[in-house]
Each structure stands twice: as C-alpha cells, then as structure tokens.
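Quick caveat, the model's predicted, so the values are computed rather than measured.
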Amino acid sequence: MNRDEILELAAGYALGALDTEDRARFEALLDAGDAEARAALRDFEATVRDVVAETAEVPPPTVKAALMARIDGESRSRAEVTQILSAPRAAAPRRSLWTIALVGAIAAGIAAIAVGLVVSTVYDRRIDQLGQQQVELQQELARQQELVAILQDPATRTVALAGLPAAPSARGRMLWHAKAGGLLVAQGLPPAPPGKAYELWAISGKEAPVPAGVFTVDARGVGSIRVAPVAGGAEPDTFAVTLEPAGGVPAPTGSMYLVGKL
Amino acid sequence: MSSVSVPPSDVSAGLLARIAQGDREAFGRFYDAFAGLALGLIRRILRDPAAAEEVLQEVFWQIWREAARYDPRRGSPEAWLIVRAKTRAIDRLRAMRRREKTFVAPVDEAVASAPDLPAENPGVTAERRELAHAVLHGLPESQRRVVELAFFEGLTQSEIARRLGEPLGTVKTRARLGLERLRSMMKREGDIQP
C-alpha cells in the first residue's frame with residue numbers, strides 16, 4: 001500500500017466514513033502496528049478533535065448527575081444482589097429486599113413488555129380465530145333457531161329413514177315442513193370414499209327423484225343437511241340417500257343407503 | 001480559542017482502562033474532560049437541546065459499559081468517543097426523522113445554518129459556532145461537502161460518491177485534502193492564539 005493510499009484511508013477513518021472493506025483493511029494495518037498508518041491517523045484524529053472542540057458546549061450538570069446516579073444505582077444493586085446471595089436468607093436487611101424486589105419488578109416489567117410484544121402477535125392470530133369462531137357460532141345459532149321454529153310448528157312432520165343393505169345399521173331422521181323445508185340427520189353411515197358424497201333425494205309418487213342436497217359424514221358416521229322446501233310441484237312423500245360423485249348428480253346413479261316415507 | 005483542555009491521549013487511555021475496571025472517579029474525570037466536546041458535536045447534528053442531552057447521557061453510559069472495548073491501536077480515546085457521539089446523534093436524528101411527520105431540516109442544512117440556534121448564552125455559543133463554521137468554510141466547497149457529509153450526516157465514502165455523483169476515488173482524495181487543509185488552518189489559528 002502506498003503512502004497516498006494510507007493517508008486517504010486514515011482521513012476516511014478519522015471521519016468515520018470508510019466503507020466496510022476499506023475499514024477492515026485500515027484496521028488490519030493499525031493492528032499490525034504500521035507506523036505510517038498510526039502516525040497519519042493520529043494526525044487526522046487530532047484535526048477532527050480540534051474542529052469538534054471549536055463548538056464544545058458546557059453540558060448542564062444534570063447530565064453528569066444522572067449518569068453518576070445511574071452508576072451508583074447499578075453498583076448498589078449489584079452489591080446487594082451479591083449480599084443477598086451470599087448472606088443467610090433471614091439476615092438479609094429489609095431495605096435490600098425491597099431494592100431486590102424493586103429491581104426484580106423492573107426487570108419483570110421489561111421482560112413483560114418483551115413477552116407482550118411476542119404474545120400480542122400470538123393474540124392477534126387468536127383474535128382472528130375467535131372472530132372466525134364467532135361467525136361460525138352465529139351461523140350455528142341461526143340454524144338452531146330455525147330448527148326450533150320448525151320443531152315447534154304443528155305442521156312439521158318426522159320421517160324415519162332406515163338403513164338399506166349397503167349400510168344396514170344406518171339410520172336417519174328427517175324433520176319436514178312443506179313450506180320451511182327440513183333437516184336430515186343421519187348416523188351410522190360409512191365415511192364417503194374420496195371423491196364421493198351422500199346425496200339426498202326428495203321423491204313424490206312416481207315422479208323422478210329431485211336432488212335435495214349433498215352431505216358427508218364425520219368419523220362417527222354422523223352427518224346432517226338442511227333441506228330447502230321443494231319449489232312448486234307436489235309434496236314429496238319419500239326421502240332417500242345414495243352415494244354419488246362428490247359434487248352431486250341430477251339423477252341418482254349409486255347405491256341407496258337410506259330411505260323413508262312420510 | 002481552545003476553551004477545552006484535552007488531556008493527552010495516554011492519560012485518557014489510562015482513564016478508560018480504569019473505567020473498564022468500574023472506577024467511578026476515573027469516569028467522572030473522563031466525563032469532565034470530554035463531555036463538552038461531545039455535546040457540541042451532538043448539538044451540531046441534533047438541533048433539539050433536550051434530545052442532545054439525552055444522547056450525551058447515552059454516549060457516556062455506553063462508555064461506562066464498554067470502556068474495555070477501547071483498543072489504543074485503533075486511535076485515541078477522544079476519537080473513539082467522538083465517533084460514538086456522532087454515530088448516536090445521527091441514529092437519533094434518523095429515528096426522529098422517521099418518527100416525526102413534521103419537517104426536520106436536513107443535516108447539511110442544519111450545518112450550513114448552524115449559528116441561528118437559541119441558547120442560554122447566545123453570544124458565546126453563536127460566536128463558537130460561527131468560528132467552527134468559519135473553519136469549515138475555509139475549505140474549498142468540494143472538500144467541505146465531503147467532510148460535512150461524512151462527519152455530520154454519517155455517510156460512508158461510497159454513499160457520498162453516490163450523493164454527489166462523483167467517482168469514489170475523488171471523494172477519498174477530497175476527504176484527505178480537506179482534513180490536511182483543516183489541520184494547517186487549525187495550526188495557524190493555534191499559532192495566533194497561543
């Protein structure tokens with residue numbers, strides 16, 4: 001490295017303006033004890049200091065007082081912690097305990113803030129979840145209220161659906177109201193294979209079955225479906241459930257699992 | 001002019017070594033020797049006096065905690081302090097600019113118009129500021145810009161090169177020429193006022 005380069009690095013270093021790579025290069029020179037680099041730096045640092053000293057201002061005494069108090073507070077609490085840790089517990093003076101308690105409380109406060117920041121993001125997520133749950137609960141409540149209304153209506157009828165050979169132990173119950181529609185609850189049905197679902201049919205006499213909705217069952221084999229009233233046409237007298245492609249089909253194609261008459 | 005008597009580097013290095021051992025008295029002496037220097041610099045970067053005093057306290061608290069990290073091979077104790085004061089003040093300024101929606105004058109503007117600050121002792125302060133102002137303005141404009149951007153705005157040399165649209169090599173040369181010129185100006189001033 002030539003002299004000009006050393007002087008340039010020293011000037012940049014004294015100004016605190018070297019880029020990372022240059023700084024590392026110059027510090028390596030200094031660490032290696034390069035006399036030229038050290039002399040140049042000393043020179044430029046003194047110049048910077050003299051320029052800065054031109055605008056020196058007497059600080060208010062409060063700054064030093066605050067620093068000294070901070071230092072005293074730090075060493076006192078350190079000494080007291082040591083004392084508390086080394087002395088028999090019962091002999092610890094009361095004031096120290098209060099200091100410890102205070103320091104502990106402050107530390108706990110700081111920790112709480114830190115934890116709070118972490119926890120608040122967790123809670124944000126939780127609040128989102130709870131909001132979603134609330135929406136679901138409201139929907140469920142509305143469904144229940146509708147169901148109660150149907151149950152209380154004297155015009156509501158109950159249809160039992162029986163399992164067929166495909167699932168002999170399956171059963172179902174349909175609450176049916178000509179104007180409000182109905183609700184089917186089925187149990188004992190095997191879980192639908194992938195890509196398949198159960199489809200409910202409303203049948204009126206010799207008419208073709210009308211699709212009344214698609215549903216699946218949970219692990220216990222229980223599933224339910226709200227059924228809309230059949231628009232126009234004749235009142236259905238039979239309900240049946242078949243296994244169909246998941247999206248449902250316009251006319252039954254698969255095995256029948258449940259059937260029941262009004 | 002020099003109202004600040006700066007102790008020789010080996011003395012202040014000795015103080016730092018004692019501070020590293022937790023010597024409260026050494027810290028007090030180091031503070032007395034350099035707090036004025038640091039505060040003046042911080043005030044040139046931050047206009048807000050209350051913020052400047054807070055930064056001053058932070059800088060010296062850092063000195064108290066980190067004195068053991070001072071390495072005499074890498075420069076004088078006062079240079080170590082000056083760089084810390086500058087860095088902290090610029091960090092604070094950037095934080096304030098980010099936080100405040102209100103207009104904060106850019107640092108080069110602050111530097112350029114330094115003497116307009118109100119102070120408890122306006123006469124003396126303004127006079128001193130004017131003097132430092134005059135010293136920097138003794139530099140050719142191109143060198144003064146480089147020195148100011150480096151020192152009062154905390155830019156690195158490649159950032160200065162980008163800001164000024166000049167080659168990096170030119171910026172490096174100007175930094176060196178600027179400091180050399182300041183050095184000779186300060187010496188002359190010292191000769192006039194022994």
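Looking at A:D4, the atoms closer than 4.5 Å to chain B (heavy atoms on both sides) sit in the backbone and in the side chain alike. Proximity to chain A involves both the backbone and the side chain of B:F60, based on heavy atoms less than 4.5 angstrom apart. Interface remark: A:R42 contributes no atoms to any contact with chain B (heavy atom separation under 4.5 Å). Only the side chain of A:L41 comes within less than 4.5 Å of a heavy atom in chain B; its backbone stays farther off. For A:A14, the parts sitting under 4.5 Å from any heavy atom of chain B are the backbone and the side chain alike.
Of all the listed residues (B:I42, B:I82, B:L177), the one sharing the greatest number of non-hydrogen pairs under 4.5 Å with chain A is B:I82. The most heavy-atom pairs under 4.5 Å with chain B, out of A:D50, A:D22, A:L29, A:T47, come from A:T47. Between chain B and the residues A:G16, A:A10, A:A17, A:A11, the most heavy-atom pairs under 4.5 angstrom are made by A:A17. No other option in A:D31, A:V52, A:T20, A:L9 has as many heavy-atom pairs under 4.5 Å with chain B as A:D31. By number of non-hydrogen pairs under 4.5 angstrom with chain A, the leading residue of B:V171, B:L168, B:D32 is B:D32.
Judged by distance alone, the side chain of A:D19 and the main-chain N or O of B:S158 form a donor-acceptor pair under 3.5 Å. Remark: side-chain polar atoms of A:K64 are not paired, donor with acceptor, to backbone N or O of B:A35 under 3.5 angstrom. Side-chain N or O atoms of A:E45 include one that pairs as donor or acceptor with a backbone N or O of B:S76 at under 3.5 Å.
We find the CD1-CH2 distance between A:I71 and B:W64 to be 4.5 Å, quoted to the nearest 0.5 Å. Atom CZ of A:R70 sits about 8.5 Å away from atom CZ of B:R65, to the nearest 0.5 Å. A distance of 9.5 Å separates CD of A:E54 from CG of B:L136, quoted to the nearest 0.5 Å. Rounding to the nearest 0.5 angstrom, the gap separating the CD atom in A:E8 from the CZ atom in B:R174 is 12.0 Å. Taken from OG1 in B:T156 to CD in A:E21, the straight-line distance is 12.0 Å, to the nearest 0.5 Å.
At least one side-chain heavy atom of B:L179 sits less than 4.5 Å from a side-chain heavy atom of A:L15. The side-chain heavy atoms of B:E180 and A:F44, taken from C-beta on, include a pair separated by under 4.5 Å. Between A:L67 and B:F27 there is a side-chain heavy-atom pair separated by less than 4.5 Å. Contact of the B:R24 side chain with the A:D72 side chain is registered, since non-hydrogen atoms from C-beta on lie closer than 4.5 Å. Contact of the A:R49 side chain with the B:L37 side chain is registered, since non-hydrogen atoms from C-beta on lie closer than 4.5 Å. In this structure, A:P60 and B:E53 have side chains that are in contact, with non-hydrogen atoms separated by less than 4.5 Å.
The heavy-atom pair separating A:L30 from B:R74 by the smallest distance is CD1-CA, 3.8 Å.
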